[in-house]
Amino acid sequence: MTKIVFLQSQGVLNRVFNQTQIDRLRAFGEVVLNEHNDPASPEKLKEQIAGADIAITSWGVPALTSEILANAPNLKGVFHAAGTVKGLVTPELWDKGIRVSNATEALGKGVAETALGLTITALKDMWRLSQHTRSGAWGGTSRVRELYEVTIGVVGAGKAGGHYIKLLQNFDVKVVLFDPIITHEAAEKLGAKKVEFEQLLALSDVISIHAPSLPETDKMFNKESLAQLKDSCIIINTARGSIIDEPALIEELRKGRLFACLDVTNPEPPVADHPFRELPNAILLPHIAGSVNNGLHRVGASVVDDIERFLNGEKLRGEVTAEQMSILA
């Protein structure tokens with residue numbers, strides 16, 4: 001019988017997986033739940049993973065070292081109910097031929113939906129108008145724009161960026177994409193036109209950032225690149241705070257030239273007196289774009305679905321390979 005072991009703490013497990021999903025797993029084999037609520041230590045992981053055929057991980061699970069894996073000689077798959085696996089995966093996993101899958105597709109849908117919501121509300125100038133109306137005023141709609149005949153720039157066509165582009169197909173807008181990995185043909189298939197970074201900066205009325213945090217993307221939105229943006233351009237960052245040079249963005253925001261919707265900062269949270277907290281043209285959110293509350297069950301469902309595919313010998317939707325590790329978030 002297939003032995004499926006949860007390695008994340010009980011608190012994380014209960015937030016991500018509902019009872020229906022756990023019952024589905026029990027139809028596949030023996031399911032072992034982690035009944036501890038404290039973060040897993042390497043010593044506890046070694047005990048928990050003993051004899052596992054499949055391991056389910058999530059936030060808070062440390063790297064699966066050779067010492068831990070030695071206690072699970074029959075381990076065939078690690079299914080990560082979270083995003084990046086960089087802190088989890090070790091070379092020993094690849095050496096042993098253990099397959100790895102994550103839930104970035106499920107998380108990416110939540111990110112894309114949040115980015116779309118921010119796109120609409122920022123174009124409609126809802127944030128300012130809400131305060132304007134609350135203070136007793138009325139009207140003041142001269143800055144309102146519709147999601148119609150505007151150019152949306154997308155940086156990164158991974159799971160989140162790709163789904164954001166898909167959602168934009170419901171609107172009469174032009175979508176331009178900067179992603180050095182994707183081909184022109186693949187971009188067209190998504191519904192976007194691939195352009196160089198400088199072209200995206202010059203063309204876009206809204207820019208939504210979905211790039212991974214890599215040395216190549218560190219502060220790619222800096223003083224020079226921000227200066228190339230149109231007046232009234234909206235910048236949406238639901239990716240990583242390191243992609244934006246924050247002092248440079250603050251300088252532009254203080255000029256009143258741009259509008260920013262930031263779900264991520266560097267570091268998080270920003271300090272109590274950070275200018276982002278005071279600037280009227282900066283919307284600051286507490287990193288909610290991925291999955292929170294009921295949205296976490298979408299992550300759980302995606303993991304259960306991939307385990308079923310794995311056991312049926314089908315292609316995994318969330319599979320991660322050793323070759324992808326250098327370009328993942």
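We use all heavy atoms of the structure for the numbers below, so side chains are in, but hydrogens, waters and symmetry mates are not.
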Taking side chain to side chain contact (heavy atoms under 4.5 Å, CB included) as the test, write out the residues that go with Lys189, two or more places apart.
none
Taking side chain as C-beta onward, heavy atoms only, is Ser58 less than 4.5 Å from Arg15?
no
Do Asn102 and Leu107 come close enough that some side-chain heavy atom pair is under 4.5 Å?
no
If the threshold is 4.0 Å, N to carboxylate O, is there a salt bridge linking Arg24 and Asp305?
yes
Exam field: side chain Asp306 to backbone Leu316, donor-acceptor pair closer than 3.5 Å
no
Using distance only, find each side-chain donor-acceptor pair of residues 286-304 under 3.5 Å and give its atom names and separation, not counting sequence neighbours.
| from | atom 1 | to | atom 2 | distance (Å) |
| --- | --- | --- | --- | --- |
| His287 | ND1 | Glu268 | OE1 | 2.8 |
| His287 | ND1 | Glu268 | OE2 | 3.1 |
| Arg298 | NH1 | Glu113 | OE2 | 3.4 |
| Arg298 | NH2 | Glu113 | OE1 | 3.3 |
| Ser302 | OG | Val299 | O | 2.7 |

Are the side chains of Leu64 and Glu92 in contact, using a 4.5 Å heavy-atom criterion?
no
Would you indicate whether the side-chain heavy atoms of His274 and Ile250 approach each other to under 4.5 Å?
yes
Using a 3.5 Å distance criterion without hydrogens, assess whether the side chain of Lys109 forms a donor-acceptor pair with backbone atoms of His163.
no
How would you list all residue pairs meeting ring-ring contact (aromatic ring centres under 6.0 Å, His included) that involve residues 36-74, not counting sequence neighbours?
none
Considering all heavy atoms, the nearest Val320-Trp94 contact
O-CH2, 3.4 Å
Run the salt bridge (charged side-chain N to carboxylate O under 4.0 Å, His left out) test against Lys44 and tell me which residues pass, sequence neighbours left out.
Asp38
Hydrophobic cluster partners of Met126 (side-chain heavy atoms under 4.5 Å)
none
State, yes or no, whether a side-chain contact exists between Leu129 and Val144 at a heavy-atom distance under 4.5 Å.
yes
Please report, to 0.1 Å, the donor-acceptor pairs under 3.5 Å made by any side chain of residues 170-179, with sequence neighbours excluded.
| from | atom 1 | to | atom 2 | distance (Å) |
| --- | --- | --- | --- | --- |
| Asn170 | ND2 | Leu167 | O | 2.9 |
| Asp179 | OD1 | Ile181 | N | 2.9 |
| Asp179 | OD2 | Ala157 | N | 2.8 |

Any sub-3.5 Å donor-acceptor pair from Arg317's side-chain atoms to Arg309's backbone N or O?
no
Exercise answer: donor-acceptor pairs, residues 200-209 side-chain atoms, under 3.5 Å, sequence neighbours excluded:
| from | atom 1 | to | atom 2 | distance (Å) |
| --- | --- | --- | --- | --- |
| Ser204 | OG | Gly153 | N | 3.4 |
| Ser204 | OG | Leu200 | O | 2.7 |
| Asp205 | OD1 | Lys230 | NZ | 3.1 |
| Asp205 | OD2 | Thr151 | N | 2.8 |
| Ser208 | OG | His210 | NE2 | 2.7 |

Evaluate Glu252 against Arg257 for salt bridge (Lys or Arg N to Asp or Glu O under 4.0 Å), listing each step before the verdict.
CA-CA 6 Å; Glu252 290 292 343; Arg257 210 173 66 78; 2.9 Å; yes
In Ile56, Asn14, Asn34, the residue satisfying side-chain contact (heavy atoms from CB on, under 4.5 Å) with Gln8 is Ile56
Taking side-chain hydrogen bond (donor to acceptor under 3.5 Å, both in side chains) as the definition, give me every residue that meets it alongside Asn71, ordered by chain and number, with sequence neighbours left out.
none
Taking side chain to side chain contact (heavy atoms under 4.5 Å, CB included) as the test, write out the residues that go with Glu47, two or more places apart.
none
Residues in side chain to side chain contact (heavy atoms under 4.5 Å, CB included) with Glu30, at least two apart?
Met1, Lys3, Val32
Under 4.0 Å between a side-chain nitrogen and a carboxylate oxygen: does that hold for Lys76 and Asp53?
yes
Checking Ala272 now: which residues fulfil side chain to side chain contact (heavy atoms under 4.5 Å, CB included) with it, not counting sequence neighbours?
none
Got Val16 and Phe6 here, is their nearest side-chain heavy-atom distance under 4.5 Å?
no
In the structure I gave you, are the side-chain heavy atoms of Leu253 and Phe276 within less than 4.5 Å of one another anywhere?
yes
Quick one: list whatever passes salt bridge (charged side-chain N to carboxylate O under 4.0 Å, His left out) with Lys46, sequence neighbours left out.
Glu67
Please confirm whether the backbone N or O of Arg240 pairs with a side-chain atom of Asn237, one donor and one acceptor, at under 3.5 Å?
yes
